[in-house]
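All remarks here apply to the structure that follows.
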Amino acid sequence: MKDHQGLADRIAGAVLVPGDEGYDAERSGFQLHGQHRPDVIVAAAGAEDVREAVASAAAHGTPIAVQATGHGLPRGADGGMLITTGRMDGVRIDAAARTARVEAGVRWGAVVAAAADHGLAPVNGSSPTVGAVSYTLGGGVGLLSRRFGFASDHVRSIDVVTADGAFRHVTAESDPDLFWALRGGRANFGVVTALEFDLVPVERIHGGGLYFDTGHIPAVLDAYREWTATVPEEMTSSVALVPFPDAPGVPEPLRGRYAAHVRIIHAGDSATGERLVEPLRAVAPRLIDTVRDMPYAECATIHAEPPFPMAYHSAHALVGELDPAIVAAALDAGERFIVEIRHLGGAMSRPPATPSAVGHRDARYLAAVLSPILPGHGPEASRPGHEAFIGALAPWDLGRSVNFLYGDNATEAEVRRAYEPADHERLVALKAKLDPSDLFRLNHHIA
Ligand SMILES: Cc1cc2nc3c(=O)[nH]c(=O)nc-3n(C[C@H](O)[C@H](O)[C@H](O)COP(=O)(O)OP(=O)(O)OC[C@H]3O[C@@H](n4cnc5c(N)ncnc54)[C@H](O)[C@@H]3O)c2cc1C
């Protein structure tokens, strides 16, 4: 990248190079391990900045990475251009049409709050600080997904700057191939500047968390396995095995304890929701039980994930069933790592009205293992344990979800496993056509 000064003159946001004040803060996001170290950062203030940045990178043959919040950081870029979108934070709700239009840097918390003012909800994920655009383009396994499907199923239009520097408003009608590829193929086809998607009419849910102490964890997992085989689509849930730190921010009953956290979201009437959780409550007394009728606007309290940046690594598999052997592997791994099992299926298993590249609709669960990375260390210490956990899932392993591939795990081979083989071939062909010089390669890369 040679023409920084010329580019800075055309950018309303900021252009930063190593050594500039603000360079380190701008490249930094939620994931603290392995962050991007680009030759130049374009901190975009709007779609026109993105267009200028892409055109300039294309003219110089400079590869491009994009970052909104850094929750889904792939392998960090060493060199190249990083376009950051955090300043692009506009949210517009059309209550009559039941849609939201969000700019590239918008986080889910802002959309949930804006939609709730109209009795509506997006198909958002567990954390309010995750970016809405990348989450949606990676599929989007949401709190309401068994009822309403993947977030990507609800996209109406995508504003994107493609490798030729052109700004395109993409819909199923205007460009069916690109509309198909962006929903699942994400950063490989351009930098998305805004998304428009449908909202769903959910104002209140019956939801919350059930926390069980160490000794009850095997019985909780057994009950969860049987229970998820019976619940209706209105019920979306997950369970995490968490060695909670003995730290002030952790609720007192959980401090320093290894506990199971069952997360409940019933998008139906409260009485039915209350009845549905009975078999789980019957397993054992809870350390904390917050399941209740609640406004959807409070949904971030259900997973209650830490909002502050951290260094972590993780591995996951989409599986066709929750075999007792997977439960046994989770119990073994849970002694050392955070283990999470999310219940999929329901509306996620049906094809969307407009097809997309998002794969593995036949998956019934997502099983993940996650470890913090301690300062001064890498992921090596816990990698063998993560690999052993994923290896134990092999007989049921259907593939990966782009959204849950982080850091060193976001290899081309793993990214390929996020798609059906024929879809991956189609993505590769479209990539060759739309981004022939592979400008967009510092990402979850489709070669
Ligand atoms: C605490 C936590 C909770 C999560 N919960 C869920 C969940 O419930 N369901 C789920 O499905 N996923 C979940 N995820 C995964 C998350 O959806 C992905 O990591 C997602 O990519 C994060 O998007 P981001 O913008 O926040 O992160 P970023 O790291 O900023 O973006 C990730 C990647 O997306 C691409 N990208 C970003 N912006 C653009 C753009 N404008 N145009 C094109 N490409 C772009 C880039 O390649 C970038 O590297 C969670 C992750 C974390 C850390």
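Heads up: numbering here begins at 1 and tracks the sequence. For ligands, and for the atoms within them, numbers begin at 1 and follow the listed sequence.
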Quiz item: Within the side chain of R292, is there an N or O that forms a donor-acceptor pair under 3.5 Å with the backbone of T290?
Solution: yes
Quiz prompt | Contacts of type side-chain contact (heavy atoms from CB on, under 4.5 Å), residue A432, not counting sequence neighbours | solution = none
Practice problem: Would you check if the side chain of W108 reaches a backbone N or O of S126 as a donor-acceptor pair within less than 3.5 Å? | Solution: no
Exercise. Show the protein residues that qualify under the rule heavy atom under 4.0 Å from an atom of ligand 1, listing them in chain and number order.
Key: F30, V66, Q67, A68, T69, G70, H71, G72, L73, P74, A104, G125, S126, S127, V130, G131, V133, S134, Y135, G140, V141, R186, A187, G190, V191, V192, E305, Y312, R342, N403, F404, Y406, N443
Quiz item: Is the side chain of D289 donor-acceptor paired with the backbone N or O of V291 at a distance under 3.5 Å, no angle test?
Solution: yes
Exercise. For the pair R107 and D89, find out whether any cationic side-chain nitrogen is under 4.0 Å from an anionic carboxylate oxygen.
Key: no
Practice problem: State, without any angle test, whether H206 and D293 hold a side-chain donor-acceptor pair at a distance under 3.5 Å. | Solution: no
